[in-house]
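Step one of this worksheet: look at the structure below.
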Amino acid sequence: MLLRSPGLLLLLLSGLRAATQEKEVRAMVGSTVELKCIYPEENSFDLNDLYVYWQISGSNTVVTYYLPKNSSAGHENNHYKNRAHLSLDSMKQGDFSLSLQNVTPQDAQKFNCLVFRESLQLGKILEMEVSLHVAANYSLPVISTPSSESRDPELTFTCRSTNGYPRPNVYWINETDNSPLDKALQNDTVSLNSQGLYDVVSILRIPWTPNMNVGCCVENVLLHQNLTGRSQTERSSGTEGRITETPDSLQKEDNVVIFITLALLLVSVIVAVVIYMGKSKCPHRNYTAGWPGEPLICDPISHPEQEQAGAQAATVVCELTDHT
């Protein structure tokens with residue numbers, strides 16, 4: 001008797017035992033992944049002779065399937081409906097691989113591929129188990145530093161990272177010497193969000209230390225990935241990654257500004273005195289304006305009236321150098 005019902009076929013499959021090939025596949029959340037299930041020998045198959053099943057290992061959860069001369073719609077689990085596909089053309093060549101679209105964290109399962117031939121009295125010709133590992137990148141950790149108004153005898157740092165998978169490892173380091181801080185000093189809260197991804201909040205409390213620089217590391221083991229957020233703080237610091245200056249240092253800066261201002265005023269007075277004294281050497285002369293910034297040049301000039309009168313000395317007249 002030929003079996004057409006997926007439920008009856010699953011009961012039959014549960015009693016079969018054979019050596020199973022196992023493979024591992026990794027996929028990012030939201031991507032499309034192919035779970036390989038290929039007949040080891042080159043061969044061609046008649047689709048009317050094949051029963052192909054993909055299901056979750058150790059359960060009766062149907063991912064997708066193919067039955068000869070019968071519709072295979074409506075029996076797969078709703079979680080995989082319209083996401084799991086088999087290629088009819090590929091199956092004719094012995095490739096029974098499953099294409100799974102829009103991968104979710106819930107797809108991190110072991111999938112079982114089973115292929116039977118009707119001409120062999122439903123003899124099993126292929127069984128393959130594929131472990132799907134799902135991953136998602138965590139966001140770069142963001143560290144909140146202690147408030148500038150805090151007068152607590154300890155520093156409290158808060159580290160946040162979101163939308164990652166699988167569950168992360170979190171640890172803190174002292175950036176001064178790259179040494180790990182004691183895990184007992186931190187309190188981690190890891191939760192699943194509406195997307196099925198993990199959000200993590202880690203709070204670090206340490207005795208107050210001036211100029212403390214720490215790092216928060218979020219590790220994704222599956223991706224072999226470490227993301228590190230860094231922050232610096234002083235007692236009066238209230239913003240991430242920034243050191244706020246103390247009142248003493250601000251007072252020193254104010255003193256420097258006052259000193260520079262007084263020095264500039266003194267220089268201005270000296271320059272004004274020098275200019276005034278220079279002008280007084282020629283008190284009765286009128287000067288024509290020259291190029292801005294040009295110096296006054298005093299040259300001896302002989303006047304014709306004085307030469308005719310037999311004057312022996314020339315009058316010294318201050319004139320601007322003519323550049324035209």
Q | Student check: side-chain heavy atoms of Val29 and Thr104 closer than 4.5 Å | A | no

Q | Within 6.0 angstrom of Glu42 CD, more than 12 heavy atoms from elsewhere | A | no

Q | Side chains of Pro166 and Asn220 in contact at under 4.5 Å (non-hydrogen atoms) | A | yes

Q: Check the hydrophobic clustering (I, L, V, M, F, W, Y; side-chain heavy atoms under 4.5 Å; chains of links allowed) and say if Tyr198 and Val201 are grouped together.
A: no

(Q) Asp188 vs Ser202, test: side chain to side chain donor-acceptor pair (under 3.5 Å). Steps then yes/no. (A) CA-CA 4 Å; Asp188 301 337; Ser202 181; 2.6 Å; yes

Q: Using the rule that two of Ile, Leu, Val, Met, Phe, Trp, Tyr join whenever any of their side-chain heavy atoms come within less than 4.5 Å, decide whether Leu185 and Leu155 are in one cluster.
A: yes

Q) Is the count of non-hydrogen atoms from other residues, nucleotides or ligands lying under 6.0 Å from Lys183 atom NZ greater than 12? A) yes

(Q) With a 4.0 Å cut-off on N to O distance, would you call Arg83 and Asp107 a salt bridge? (A) yes

Q. So if you build clusters from Ile, Leu, Val, Met, Phe, Trp, Tyr with side-chain heavy-atom gaps below 4.5 Å, do Leu222 and Val170 land together?
A. no

(Q) Just so I know, are the side chains of Ile173 and Val214 near enough to count as touching, which here means a heavy-atom distance under 4.5 Å? (A) no

**Q.** Name of the residue among Thr162, Asn193, Thr189 meeting side-chain hydrogen bond (donor to acceptor under 3.5 Å, both in side chains) with Asp199
**A.** Asn193

Q: May I ask you to check whether Ser179 and Asp177 show a side-chain donor-acceptor distance below 3.5 Å?
A: yes

Q) Quick one: do Arg230 and Glu175 make a salt bridge, cutoff under 4.0 Å? A) yes

Q) When rounded to the nearest 0.5 angstrom, what distance separates OH in Tyr53 from CD in Glu127? A) 14.5 Å

Q: State, yes or no, whether a side-chain contact exists between Lys23 and Glu129 at a heavy-atom distance under 4.5 Å.
A: no

Q | Heavy-atom side-chain contact between Thr32 and Ser99 under 4.5 Å | A | yes

Q.
Please find the pair of heavy atoms, one from Leu223 and one from Asn137, that lie closest to each other, and give the distance.
A. CD1-OD1, 3.2 Å

Q. Is any side-chain heavy atom of Val25 closer than 4.5 Å to a side-chain heavy atom of Val33?
A. yes

Q) Does the side chain of Thr61 come under 3.5 Å of the side chain of Gln55 through a donor N or O and an acceptor N or O? A) no

Q | Nearest atoms (heavy-atom pairs only) where Leu132 meets Ala27 | A | CD1-CB, 4.0 Å

Q: With the side chain counted from C-beta on, respond yes when Phe116 and Asp49 share a heavy-atom pair under 4.5 Å apart, and no when they do not.
A: no

Q.
Less than 6.0 angstrom separating the ring centers of Phe45 and Tyr39, yes or no?
A. yes

Q: May I ask you to say whether Glu24 pairs ionically with Arg26, meaning some side-chain N is under 4.0 Å from a carboxylate O?
A: no

Q.
Show every ring-ring contact (aromatic ring centres under 6.0 Å, His included) that has at least one partner inside residues 168-189, sequence neighbours left out.
A. none

Q. Mind checking whether Phe111 and Val63 have side chains closer than 4.5 Å, heavy atoms only?
A. yes

